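Each chain gets a letter, A, B and so on, in the order the sequences are listed, and its residues count up from 1. Given the structure is predicted, the values throughout are model-derived calculations rather than measurements.
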Amino acid sequence: MKSNTSVLLSIVIAIVGFAVIKLSQLTIDGAFLFAIGALASGIALQFRGTKKSVSPKKEVSEGDFSTTTLYVGNLPYRANEMAIRSLFSEHGQVLSVRLMKDKHTGKRRGFGFVEMPEKDANNAINALNEFEFQERSLKVREANERAPQAESAPTSDKPL
DNA sequence: GTTGAGCGTT
């Protein structure tokens, strides 16, 4: 889509450059060189863009499988996200780990959220709930849904 | 630097 535009742009630049150089009483060879150079650069850019557009096609190994957010409570204050991630990774794939910290002081509040696929989530709950982690009994359950998401910017509240 | 039931940010 955009590559076509860039090629078109390069062609336009080549033609315009050709005309300008020709009008500025330079040699025809110079105008040709300019035009060819512009075209070549445009084509080269298109090739690079194509290759780059093909390469970033990894990740998304799970696709849009149903994910469950787990609430993890009674965490030791010295626990960090890496430890929690590695601990939950032993019972399923961990998509994300978030240990909630106080926004004012930045200190950990002792609980967090772990996002996993549903099957792994149940497995992790059964395996890690009330599991002794660093002298603390973990509390793992399904997390309640996040705060009522304010839908975008309410410019005008009008029920149709 | 502390504390110990709980459910939360781009």
Side-chain angles (χ1 to χ4, degrees), chain A residues 1-14 16-17 37-160:
Chain A
M1 326 309 183
K2 273 192 177 180
S3 48
N4 294 335
T5 309
S6 61
V7 170
L8 267 173
L9 189 64
S10 67
I11 293 177
V12 171
I13 290 177
V16 172
L39 284 174
S41 62
I43 293 175
L45 279 179
Q46 189 201 10
F47 266 108
R48 288 180 188 174
T50 307
K51 277 192 178 180
K52 274 196 177 180
S53 67
V54 172
S55 54
K57 190 165 188 215
K58 43 192 175 183
E59 294 188 52
V60 192
S61 51
E62 293 301 318
D64 47 0
F65 276 68
S66 60
T67 61
T68 302
T69 304
L70 266 46
Y71 163 81
V72 184
N74 203 19
L75 285 172
Y77 293 112
R78 56 180 175 275
N80 50 358
E81 290 189 359
M82 271 199 313
I84 304 301
R85 174 177 283 271
S86 59
L87 179 66
F88 277 79
S89 294
E90 296 180 10
H91 303 281
Q93 189 178 35
V94 177
L95 300 176
S96 66
V97 176
R98 287 205 277 275
L99 298 189
M100 306 319 292
K101 307 184 213 169
D102 191 78
K103 286 182 288 225
H104 306 285
T105 62
K107 288 185 291 190
R108 286 189 263 260
R109 295 176 62 185
F111 73 96
F113 298 93
V114 177
E115 192 177 3
M116 310 180 67
E118 175 61 24
K119 44 184 173 81
D120 296 343
N122 289 330
N123 188 20
I125 289 178
N126 292 330
L128 295 178
N129 188 24
E130 295 188 356
F131 175 78
E132 197 173 291
F133 179 68
Q134 293 184 3
E135 308 288 312
R136 295 298 163 192
S137 183
L138 261 52
K139 291 180 182 174
V140 183
R141 324 184 214 160
E142 293 187 27
N144 300 331
E145 204 162 319
R146 221 187 348 132
Q149 217 170 353
E151 294 184 7
S152 301
T155 55
S156 60
D157 293 340
K158 281 191 242 195
L160 61 92

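- B:dC7 atom C1' lies 5 Å from atom CG of A:Asn144, rounded to whole Å.
- Within a heavy-atom distance below 4.0 Å of DNA chain B, the residues of residues 132-141 of chain A found are A:Arg141.
- A:Leu75 CG to A:Lys139 NZ: the interatomic distance, rounded to the nearest 0.5 Å, is 11.0 Å.
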Practice prompt. Run the numbers on A:Leu128 and A:Val72 for side chain to side chain contact (heavy atoms under 4.5 Å, CB included), then give the verdict.
Written response: CA-CA 9 Å; A:Leu128 295 178; A:Val72 184; over 6 Å; no

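- Put simply, the side chain of A:Val114 does not reach to within 4.5 Å of the side chain of A:Arg85, judged on heavy atoms.
- Remark: A:Arg109 pairs with A:Asp102, A:Phe111 by the side-chain contact (heavy atoms from CB on, under 4.5 Å) rule, at least two apart or across chains.
- Shortest non-hydrogen contact noted between A:Asn74 and A:Ser137 is ND2-O, 2.5 Å.
- Within residues 102-115 of chain A, the residues having any heavy atom under 4.0 Å from DNA chain B are, by residue number, A:Lys103, A:Lys107, A:Arg109, A:Gly110, A:Phe111, A:Phe113.
- Between A:Glu118 and A:Asn122, some side-chain heavy-atom pair lies under the 4.5 Å cut-off.
- The main-chain N or O of A:Gln93 is found under 3.5 Å from a side-chain atom of A:Asp120 such that the two form a donor-acceptor pair.
- For the atom pair CZ of A:Phe88 and CG of A:Leu95, the computed distance is 12.5 Å after rounding to the nearest 0.5 Å.
- A:Ala79 meets the side-chain contact (heavy atoms from CB on, under 4.5 Å) test with A:Pro76, A:Ile84, A:Phe133, A:Gln134; sequence neighbours excluded.
- Scored by the side-chain contact (heavy atoms from CB on, under 4.5 Å) test, A:Arg108 finds A:Asn80, A:Leu99, A:Lys101 as partners (sequence neighbours excluded).
- Listed by residue number, A:Thr69, A:Tyr71, A:Asn74, A:Leu75, A:Pro76, A:Tyr77 are the residues of residues 68-84 of chain A with a heavy-atom contact under 4.0 Å to DNA chain B.
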